[in-house]
Amino acid sequence: MTSTTSAATYDFDAMLQTIKDKQWSLADIDWEAPGAELMTPDLRAKMKPFLADLVWIEHVGARGFASLATKAPTSTIAEIYRYFHAEEQKHANAELALMKRWGMLDEDGSVPEPNINVKMAIKTLDDFGDSLPLTGLATLIPLLECALDGALVKFLLDEVPDPVCHEVFRHINSDEARHIAVDFQVLELIGAGPLHKLLIESIGNLKPQVVLGLIVVFVPLINKMRDNIVAMGLPEQKLYNAVKRFGTIGGRGVHTARIPAYHVLKAQAAMIIDRTHPYHRFLADPLVKVTSFVPARVLGKPQSWTEELTHEPVAS
Amino acid sequence: MSGAPTTPAPSGASGSRSRDSRRTTPRAATASRVGFAGPVLRDDAWRGRDFSGQRVAVIGPGDEVARIVPSVIATAARVKVFQEEARWLRPPGPPAGSLGGSVARLVTTPIGQVADLLGVAGPVDRLVGERLSRRHLRRSVDDAWTRRLLTPHRRFGARGTSVERDYYRALADERCVLVAWPVYALVTDGVRSAEGVEHRVDVVVVTAGSRLRATLQDTDRSEEQSR
Ligand SMILES: [Fe+2]
Ligand SMILES: [Fe+2]
């Protein structure tokens with residue numbers, strides 16, 4: 001992925017075909033294969049909250065692609081997003097299956113309860129997800145994918161010696177490489193559009209209460225995860241590199257720099273990784289604190305997409 | 001690897017083909033992925049068939065599965081509906097020949113007439129048609145996420161629209177499951193979709209407009225050649 005193919009020449013049809021050819025299934029993996037015994041009780045205890053978070057990030061990411069699919073610029077890209085939506089679900093399912101393998105789920109195998117910030121993100125996506133403008137969502141997703149791919153997954157693989165986990169993540173990483181490639185090509189396509197449309201899409205369509213809602217929901221969500229993961233031993237340098245990659249790949253494009261949301265999110269990402277930045281003291285930390293008092297019941301029941309996760313490779 | 005595709009993989013189908021020829025036959029590469037052990041029913045083969053005790057997968061775009069599922073659920077033990085793309089479904093109503101004009105005039109008589117005069121009857125019809133379809137969906141399906149899965153991304157009228165008859169009621173049956181994940185392979189024991197799960201079934205019904213049709217035809221051809 002070193003070329004600077006412009007959006008006009010990028011072959012989304014060929015990419016869609018590659019995506020179809022590279023499909024894999026939980027049933028391809030031998031979940032009983034040896035290696036689980038390499039997981040010490042300490043490691044299991046440390047990894048359990050990490051994996052639970054990871055499952056929910058993938059699952060919320062899946063919902064993000066579902067929203068993107070409704071506003072894709074072409075029907076091929078819509079179909080690609082449909083696959084990505086499913087693949088993120090597959091990642092969440094596979095990570096759940098790993099948790100099951102390592103005895104991290106209770107007897108009935110139920111999905112770990114998401115924290116309040118994840119619950120708020122789910123509520124926001126249910127209420128506004130499909131009305132968010134394409135540019136904002138299409139920019140946010142590659143940022144999260146860079147962080148996920150570059151920092152979280154690498155951390156996990158450094159810590160976990162189980163070969164089955166490595167086999168699973170060979171598949172996941174190969175999927176993610178395609179996600180990131182497409183994410184940035186779509187930014188190129190959007191960035192090549194007329195400027196007035198970019199400006200209107202960025203700010204014009206958003207109601208102030210939605211903007212405020214997004215800040216209240218996503219700022220503490222990301223900060224809480226950031227701190228949790230650093231506390232677990234993820235070197236901050238890795239986080240820094242992962243976010244730098246967002247700027248590097250985005251910078252290779254010809255048109256991406258014309259997207260206002262790209263600059264906003266790049267700047268925000270820089271603040272998030274720099275723990276000494278006033279952003280944390282004045283905005284993120286207080287929001288983490290405030291949201292921790294939000295009772296889950298005020299959010300109501302989430303939509304039924306949150307009930308579709310499964311660790312079972314086979315359903316009948 | 002259990003449950004792998006049973007048809008020998010013609011790896012040349014995707015591997016040796018050049019990029020250009022691949023673009024003209026976009027689904028050829030998935031031909032190696034059809035290896036279902038049970039019957040694959042096409043066209044009208046599902047009609048009048050007794051599915052007693054069987055788990056059935058119905059695969060196709062929204063309007064086509066909507067026509068088939070109500071009959072299948074009448075006898076089948078379980079039905080999984082693999083919806084490839086949501087399509088607009090009009091509420092069952094007066095048998096007006098076409099939606100063009102008639103519905104708009106029935107429901108919003110003055111608007112319909114004004115629209116006719118102004119020569120914008122088409123767009124008004126589409127607007128009204130979409131409204132009626134949405135309202136019908138909202139009234140018939142309780143679950144918000146299921147409604148979202150059943151709502152097309154395209155505007156109403158971009159394709160011909162069918163009438164919903166007993167489909168929503170079939171979906172509400174506890175023996176019926178709506179799956180919107182893309183199907184990428186038929187394996188020995190069932191259907192594999194991109195969320196990573198293998199759905200075990202006894203019979204597969206593939207509609208005429210299904211994206212799997214090209215794949216199935218390629219498989220037929222290669223089977224004929226190997227005979
Ligand atoms: Fe993922
Ligand atoms: Fe991804």
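Each chain gets a letter, A, B and so on, in the order the sequences are listed, and its residues count up from 1. All values below were derived from every heavy atom in this structure, side-chain atoms included, with hydrogens, water molecules and symmetry-related copies excluded.
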| remark: In terms of heavy-atom contacts, B/Trp181 and A/Glu308 come closest through CZ2-OE1, 3.4 Å

| said: For B/Val191, which atoms come within 4.5 Å of any heavy atom of chain A: side chain, backbone, both, or neither? | reply: neither

| request: Start with the C-alpha distance between B/Arg55 and A/Ser316, add both sets of side-chain angles, then the distance that settles side chain to side chain contact (heavy atoms under 4.5 Å, CB included), and finish with yes or no. | output: CA-CA 8 Å; B/Arg55 298 163 300 175; A/Ser316 61; 3.2 Å; yes

| Contact part of A/Ala66 toward chain B, heavy-atom cut-off under 4.5 Å: side chain, backbone, both or neither? | both

| query | Which pair of heavy atoms, one from B/Gly196 and one from A/Lys90, lies closest together, and at what distance? | reply | CA-CD, 3.5 Å

| query | If you tally heavy-atom pairs under 4.5 Å against chain B, which of A/Asp126, A/Leu26, A/Asp30 wins? | reply | A/Leu26

| Side chains of B/Glu198 and A/Asp28: does their closest heavy-atom pair fall under 4.5 Å? | no

| message | With a sphere of 6.0 Å drawn around CG of B/Asp142, does it hold more than 12 non-hydrogen atoms of other residues, nucleotides or ligands? | response | no

| request: Let me know if A/His171 has heavy atoms under 4.5 Å from chain B in its side chain, its backbone, both or neither. | output: neither

| For B/Arg192 against A/Ser25, the heavy-atom pair lying closest together | NH1-CB, 3.7 Å

| request: Kindly indicate whether the side chain of A/Asn93, heavy atoms from C-beta on, has any atom under 4.5 Å from the side chain of B/Val197. | output: yes

| field | A/Glu307 CD: over 12 foreign heavy atoms closer than 6.0 Å | value | yes

| message | Between A/Lys71, A/Glu87, A/Glu79, who has the most heavy-atom pairs with chain B when the cutoff is under 4.5 Å? | response | A/Glu79

| query | Hey, does the side chain of B/Arg200 reach the backbone of A/Val314 with a donor-acceptor pair shorter than 3.5 angstrom? | reply | no

| Does any non-hydrogen side-chain atom of B/Trp145 lie less than 4.5 Å from one of A/Arg63? | yes

| Nearest heavy-atom pair of A/Arg82 and B/Pro182: which atoms, and what distance? | NH2-CA, 3.4 Å

| message | Using heavy-atom distances under 4.5 Å, tell me whether A/Ala78 contacts chain B through its side chain, its backbone, both, or neither. | response | neither

| Contact leader toward chain A among B/Arg148, B/Lys80, B/Glu84, where contacts are heavy-atom pairs under 4.5 Å | B/Arg148

| query | More than 12 foreign heavy atoms under 6.0 Å from CZ of A/Arg178: is that the case here? | reply | yes

| Is there a side-chain contact between B/Glu195 and A/His91 (heavy atoms, below 4.5 Å)? | no

| Is the count of non-hydrogen atoms from other residues, nucleotides or ligands lying under 6.0 Å from B/Arg175 atom CZ greater than 12? | yes

